[in-house]
Student: 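There's a structure below that I have some questions on.
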Amino acid sequence: MSVIELDGLKNFNNVREIKLPGIEKTWKIKFDDNYRVQSSLIASQVDKLYQEQSSDDYEEELLDMAPAERRKRLTSDLAKFKKACVDGLSALLQDDNAGEEIYKAMGESTEICAQIIGKINDTADKVLNVAKDEEKTAKYDTER
């Protein structure tokens, strides 16, 4: 029987601190299974709203509306998108005020908040990818 030692796991740590420009606060996130479930739900909700609002059908629908009705619809739809992003950031960072604080610090841009959610999830992918370099672990395979 061969033994493969995965030294890369020796110093594994799935907790990271998140710091954003313009905000003094630092948040700690543990990238675990609970985070993955929550982040997937949030990301899919944010993506769904974004896709709906950037579709050609949506544009056509808006163009068929009277200006006052169009403004009301745009305001309502953007409010839904903002709520999903702000609430999502608060949930991911486990801080009830985080989403609103980030929204204000980022110039009240919902789209930037959505991108921040994506960047946090990209960080989770990197943190949880312990097999970054298969060559490093291959040297321990005694059956080669």
Side-chain angles (χ1 to χ4, degrees), residues 1-63 65 69-144:
M1 172 174 15
S2 65
V3 175
I4 299 174
E5 294 185 29
L6 300 175
D7 289 346
L9 296 173
K10 196 178 345 181
N11 297 319
F12 176 71
N13 180 0
N14 62 341
V15 176
R16 292 294 186 277
E17 290 187 349
I18 303 293
K19 176 90 173 111
L20 295 168
I23 300 175
E24 291 300 315
K25 191 180 291 182
T26 301
W27 294 275
K28 280 189 177 183
I29 300 178
K30 182 178 182 183
F31 297 120
D32 58 8
D33 291 347
N34 289 330
Y35 173 87
R36 281 298 196 187
V37 169
Q38 190 171 37
S39 70
S40 292
L41 291 171
I42 292 166
S44 63
Q45 181 184 17
V46 168
D47 190 50
K48 179 183 176 195
L49 290 169
Y50 180 78
Q51 294 299 327
E52 286 174 1
Q53 293 174 25
S54 60
S55 74
D56 291 338
D57 292 340
Y58 182 78
E59 291 291 325
E60 300 267 335
E61 202 176 308
L62 289 174
L63 291 173
M65 295 177 177
E69 188 180 355
R70 185 179 319 132
R71 181 177 188 76
K72 183 177 176 181
R73 171 77 183 269
L74 284 167
T75 302
S76 170
D77 290 347
L78 186 57
K80 290 177 195 171
F81 187 48
K82 176 193 172 200
K83 180 169 176 34
C85 291
V86 168
D87 290 353
L89 284 167
S90 292
L92 292 177
L93 298 172
Q94 298 175 10
D95 175 350
D96 291 341
N97 300 317
E100 196 62 44
E101 189 174 350
I102 292 168
Y103 175 75
K104 287 178 181 170
M106 296 299 139
E108 298 184 342
S109 172
T110 300
E111 193 161 327
I112 296 299
C113 289
Q115 291 176 42
I116 291 170
I117 290 170
K119 289 192 176 294
I120 293 170
N121 288 334
D122 290 346
T123 300
D125 292 342
K126 290 175 188 168
V127 168
L128 297 173
N129 185 9
V130 294
K132 293 176 194 148
D133 186 358
E134 290 183 21
E135 288 298 313
K136 288 181 181 176
T137 57
K139 68 182 178 182
Y140 298 107
D141 189 350
T142 58
E143 291 189 358
R144 289 183 122 215

Student: Kindly write out the residues that satisfy side-chain hydrogen bond (donor to acceptor under 3.5 Å, both in side chains) with Arg16, not counting sequence neighbours, or none if the list is empty.
Tutor: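 Arg16 satisfies side-chain hydrogen bond (donor to acceptor under 3.5 Å, both in side chains) with no residue once adjacent residues are dropped.
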Student: Which pair of non-hydrogen atoms, one from Gln45 and one from Ala84, has the smallest distance, and what is that distance?
Tutor: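 Closest approach of Gln45 to Ala84: CD-CB, 4.0 Å.
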Student: In Å and rounded to the nearest 0.5 Å, what is the CG to CH2 distance from Leu92 to Trp27?
Tutor: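 So the gap between those two atoms works out to 11.5 Å.
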Student: Considering residues at least two apart in sequence or located in another chain, which fulfil the side-chain hydrogen bond (donor to acceptor under 3.5 Å, both in side chains) criterion with Glu101?
Tutor: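 Testing Glu101 for side-chain hydrogen bond (donor to acceptor under 3.5 Å, both in side chains), a comparison that skips the adjacent residues, returns Lys25.
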Student: For Glu100, check side-chain contact (heavy atoms from CB on, under 4.5 Å) against everything at least two apart and list the hits.
Tutor: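 Checked Glu100 against side-chain contact (heavy atoms from CB on, under 4.5 Å); matches are Lys82, Val86, Tyr103, Lys104.
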Student: I'd like to know whether CD of Gln115 has more than 12 heavy-atom contacts from other residues, nucleotides or ligands below 6.0 angstrom.
Tutor: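 Atom CD in Gln115 is crowded, with more than 12 foreign heavy atoms closer than 6.0 Å.
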Student: Looking at every heavy atom in both Gly99 and Leu89, which two are closest together, and how far apart are they?
Tutor: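 Distance-wise, the nearest heavy atoms are CA-CB, 3.8 Å.
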Student: To the nearest 0.5 Å, how far apart are CD1 in Ile102 and CD1 in Ile117?
Tutor: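 Ile102 atom CD1 to Ile117 atom CD1 measures 8.5 Å (nearest 0.5 Å).
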Student: Glu108: which residues meet the side-chain hydrogen bond (donor to acceptor under 3.5 Å, both in side chains) condition with it, sequence neighbours left out?
Tutor: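 Counting only residues at least two positions away or on another chain, Glu108 forms no side-chain hydrogen bond (donor to acceptor under 3.5 Å, both in side chains).
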Student: Kindly give the heavy-atom pair with the smallest separation between Asn14 and Val127, and that separation in Å.
Tutor: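 Nearest heavy atoms, Asn14 then Val127: CA-CG1, 3.7 Å.
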Student: With sequence neighbours excluded, give me every side chain to side chain donor-acceptor pair (under 3.5 Å) pair touching residues 48-57.
Tutor: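 Found Asp47-Gln51.
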Student: Show the nearest heavy-atom pair for residues Lys80 and Leu49, with the distance to one decimal.
Tutor: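 Result for this residue pair: O-CD1, 3.7 Å.
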Student: Considering residues at least two apart in sequence or located in another chain, which fulfil the side-chain contact (heavy atoms from CB on, under 4.5 Å) criterion with Thr26?
Tutor: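 For Thr26 the side-chain contact (heavy atoms from CB on, under 4.5 Å) partners, ignoring immediate neighbours, are Glu17, Lys19.
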Student: Counting only heavy atoms not in Asn13, do more than 12 fall under 6.0 Å of its CG?
Tutor: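 Atom CG in Asn13 is crowded, with more than 12 foreign heavy atoms closer than 6.0 Å.
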Student: Can you see which heavy atom on Ala98 is nearest to which on Ser90, and at what distance?
Tutor: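 Looking at all heavy atoms of both residues, the shortest contact is N-OG, 3.8 Å.
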Student: Holding to side-chain hydrogen bond (donor to acceptor under 3.5 Å, both in side chains), I want the full list of residues that pass it with Glu61, two or more places apart in sequence or in another chain.
Tutor: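 Scan of Glu61 (side-chain hydrogen bond (donor to acceptor under 3.5 Å, both in side chains), adjacent residues dropped) gives Arg73.
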Student: Show me the side-chain donor-acceptor pairs of residues 33-43 shorter than 3.5 Å, one per line, residues at least two apart or across chains.
Tutor:
| from | atom 1 | to | atom 2 | distance (Å) |
| --- | --- | --- | --- | --- |
| Tyr35 | OH | Asn121 | OD1 | 2.6 |
| Arg36 | NH1 | Asp125 | OD1 | 2.9 |
| Arg36 | NH2 | Asp125 | OD1 | 2.8 |
| Ser39 | OG | Tyr35 | O | 3.1 |
| Ser39 | OG | Arg36 | O | 3.2 |
| Ser40 | OG | Arg36 | O | 2.9 |

